[in-house]
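The structure appears below as structure tokens.
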Amino acid sequence: MAGAPQWVLQRRAHAEEQVESRGLPQPHWEAWRGCDLGALTPSRLTSVAAPALASSVAPAAARGAGAVTDPSSDPLRGPIGLLPAPLCDAASARLLFVDGRLTSPVEASEWPPGVTVSVLSGVGAADAHDTTATTAAVTTAAAPEGSAAVASDQAASLWQGDGWAASHLGAHAKADELPLAALNLARTREVVVIHVAAGIEVAEPLLIGSYCSAAAAGQAVYPRVLLCAEPGSRIGVIEWCSGAAASDYLHIPVYELAIDRGARVEWTRLSEEGEVGRQFATLRATVQADGELALHSHLDGGAQVRADLGVVLAGSNAGADLSGLVLGKDASYLDHHTAIWHCAAETYSRQLFKGVLDESACGLFDGASHVAEQAQRIQAEQQCRNLLLSDTAQARMVPRLEIYADDVRCSHGATSGELDEQAIFYMRARGIDAAVARLLLTEAFAEGAIAAGPCAVAAAYQRQQLRRFLPGGEAL
Amino acid sequence: MLRIEDLHASVAETPILKGVQLSIGPGEVHAIMGPNGSGKSTLSKVLAGDESYTVESGRVDFEGQNLFEMPPEERARAGLFLGFQYPVEIPGVNNSYFLKAALNAARAARGEPEIDPVSFLKRVRERAQWVGLDDSLLKRPVNAGFSGGEKKRNEIFHLAVLEPRLAILDETDSGLDIDALRAVADGVNRMRDPQRSFLLITHYQRLLSYIEPDYVHVMVRGQIVRSGGKELAAELERSGYAAFEDEEAA
Ligand SMILES: Nc1ncnc2c1ncn2[C@@H]1O[C@H](COP(=O)(O)OP(=O)(O)OP(=O)(O)O)[C@@H](O)[C@H]1O
Ligand SMILES: [Mg+2]
């Protein structure tokens, strides 16, 4: 296939126009009020130009006990070793982007039957900054029962103007409405599409990682993933964003999830950005009748991370379970903006977000539930709880309910507090160290949010990372 | 074992303990009785090391060590146990995991290795039976959602597993039904030992008919105003505290 499909180029051009006409988010826009937008300056939004080579990636920069795999000791793993090992080992298949580039081709044999993964590479033709635009290449894996010919047919049809990629790319995270989604579409270099055929159930999660190296310092990386789950299918994805410790990169990923009738998608975000790295992520999902999205978001570190999570419950009995854990220290600013649109009757949404905030970290939760007039007998719950481990840590919570139907069950709760000193004393009076008592109580607090996530492997990893986060946790 | 000398303590700048004197020898069982608000729980919290109370003056010697130089966890590891009047709920921390951590902390302080899981399990099962604690409460978070009586039984269960040198039990008998009271008393009696001492804080003579004290003390307004044998409890039961209200510490 020569060149990116015409429709992709057109959409990119349209997105670029949106960026130019509407500009970047402004602090007076409702959705961006109070958000530090200092990092979103035109000069910083340049896509990383230098192709990231495996050799330019310093494995030592990978954080987390999970990322222990040293590529130099395991040359076969290459940069894939940047991915946290426990996640890697449990995943059915993995994709790693370093500075926006896929590190190894998608191997057909790797992917579970019924799952088609395709990466449209080098779509940078519309990117004014990218002088090294390459011919678009489509690498596709398909169900093993299909012959190679079928696989490439699928790859070809996938990218046709009337294929499913064309009907979904940019249809959920709309360039006309979301300035960062427009920016991402205009600047992304590689678009991942994952298609799960009707009725297919994949037990192990797919792992998609995006890592920003030192080469991305001062620049932006725009990962883009589109997932289509056909009726009755079931799939889990672990999506990991991270970067080198001293690199002040900007991660601007966009994820679009099209969840068809009766399908279930379990999406786990693990954001572990480098100390001075920033992330502005956008996820938009549309769930059709009887479909389900379980979405978990773990934000650990980074100078500034904002996860914008939006779900449209489009068909009756569609549901969304959102949960998340925020771990903040230093002067991290970690932000969850969620929005659920109940557009049909008998839809439900449940949200549970918790934050553990230490030092001068700030955690923000802004949760909006919109209930359309026809969305009767719906259920919308949201809860946000924060634990402040220091006097200078801050939590801000903004619940928003916009309800036009009359027969609804909505609830919300927001709390922030400190560890219970009486409980700490009780534990110490039984001989348990003060530090251990604090740790156990903090873990108990976080556990509720971790256990609410859909993926056991990710949860185990989160527990391990929580121990690393907490003072004295590693010694335990 | 324990020697309290002229202890003065306050909370939020209000003096509560005003010169407490008390000595407890090895193997002895002492009981403190006294009207509400007289400072009994304050004494127990000060002994356990609750930092919301301020020790103004006085000295407490526990097995040859100055208690006030030790943080609460060190006191516990040295063998001081407080059964709380109001046991605290510890959400998310499994009861038996909690006990294992507590037990191993004490063992580590003595330079002993961690208890092996099989002996631990055996001990936990056995001691739960002593106090009639339902097995299901071992797996639940400490005290979380326990009934009032279950919390009290759980305190005695902790006592039985941790095997302290000195156990201060603050109104462990309050709020227990008759069977539970007997189970708790049986648990304590099993734990009696020439090397282990008890300080029971109670309002009721009934507990003392199950656990016979060697000494009974009456606390009024932050002082121990009278000490005697177990017959003092019976006298209190008859006459109430009115007769002691005017007494000053001897
Ligand atoms: N944390 C606190 N803050 C303020 N006042 C306190 C505090 N703890 C105790 N006090 C006060 O100290 C006094 C003694 O209380 P304490 O709990 O020691 O009494 P007690 O003898 O145990 O009573 P009871 O028989 O009712 O349990 C009371 O007047 C009580 O209000
Ligand atoms: Mg009391």
Side-chain angles (χ1 to χ4, degrees), chain A residues 323 325 327 352-356 383 385-389 391 413 415-453 459-460 462-464 466-467 469-476, chain B residues 44-53 70-95 97-110 140-144 151 154-155 157-159 161-168 170:
Chain A
S323 57
L325 178 65
L327 302 179
L352 173 64
F353 284 81
K354 289 196 174 188
V356 179
Q383 274 199 48
R385 313 227 168 279
N386 284 287
L387 179 61
L388 305 177
L389 297 181
D391 295 342
T415 59
S416 80
E418 290 152 30
L419 285 174
D420 177 0
E421 285 301 325
Q422 293 217 47
I424 292 169
F425 174 66
Y426 182 85
M427 296 172 87
R428 294 179 73 188
R430 294 285 136 98
I432 293 173
D433 245 17
V436 174
R438 286 174 186 281
L439 194 80
L440 291 176
L441 290 172
T442 308
E443 286 187 334
F445 170 82
E447 181 57 29
I450 294 174
Q462 285 180 278
R463 289 183 190 107
Q464 172 197 313
L466 175 63
R467 286 240 156 149
F469 169 83
L470 294 172
E474 271 176 288
L476 216 73
Chain B
S44 72
K45 292 284 182 75
V46 166
L47 293 176
D50 189 334
E51 283 147 9
S52 47
Y53 298 84
M70 301 156 80
E73 53 271 41
E74 244 178 68
R75 300 180 196 192
R77 291 171 198 164
L80 183 86
F81 179 93
L82 170 61
F84 284 61
Q85 182 174 1
Y86 304 108
V88 183
E89 302 200 359
I90 314 289
V93 182
N94 169 301
N95 204 10
Y97 174 86
F98 175 87
L99 271 180
K100 199 194 242 173
L103 192 62
N104 282 331
R107 292 172 69 101
R110 291 193 298 265
R140 288 199 1 215
V142 182
N143 295 326
K151 284 181 184 170
N154 195 46
E155 292 293 278
F157 166 61
H158 283 193
L159 162 73
V161 171
L162 297 176
E163 301 179 340
R165 310 294 312 275
L166 170 67
I168 304 165
D170 190 357

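All chains are named by letter (A, B, ...) in the order of the sequence lines, taking the proteins before the strands, and each is independently numbered beginning at 1.
- Residue contact with chain A, scored on non-hydrogen atoms closer than 4.5 Å, is absent for Ala106(B).
- Neither the backbone nor the side chain of Ala437(A) has a heavy atom closer than 4.5 Å to any heavy atom of chain B.
- Heavy atoms of Glu89(B) lying under 4.5 Å from chain A belong exclusively to its backbone.
- Remark: Asp50(B) does not engage Arg428(A) in a salt bridge, criterion side-chain N to carboxylate O under 4.0 Å.
- The shortest non-hydrogen separation linking Ala444(A) to Gly92(B) is CB-CA, 3.6 Å.
- A 4.5 Å side-chain heavy-atom check between Glu51(B) and Phe425(A) finds every atom pair outside the cut-off.
- Remark: Arg77(B) CZ to Asp433(A) CG distance equals 5.0 Å, nearest 0.5 Å.
- No part of Asn104(B) comes within reach of chain A, as not one of its non-hydrogen atoms sits under 4.5 angstrom from that chain.
- What you find for Ala101(B) and Ile432(A) is that their closest heavy atoms are CB-CD1, 4.1 Å.
- Here the side chain of Arg430(A) pairs a donor or acceptor atom with the backbone of Leu82(B) at under 3.5 angstrom.
- In terms of heavy-atom proximity, Gly431(A) sits nearest to Ala76(B) at N-CB, 3.3 Å.
- Within 6.0 Å of the CD atom in Gln422(A), the count of heavy atoms belonging to other residues, nucleotides or ligands does not exceed 12.
- Between Leu440(A) and Ile90(B) the shortest side-chain heavy-atom distance does not fall below 4.5 Å.
- Under the 30°/60° scheme for interplanar angles, the aromatic rings of Tyr426(A) and His158(B) are found to be tilted.
- Among Phe84(B), Tyr97(B), Tyr86(B), the residue making the largest number of heavy-atom pairs under 4.5 Å with chain A is Phe84(B).
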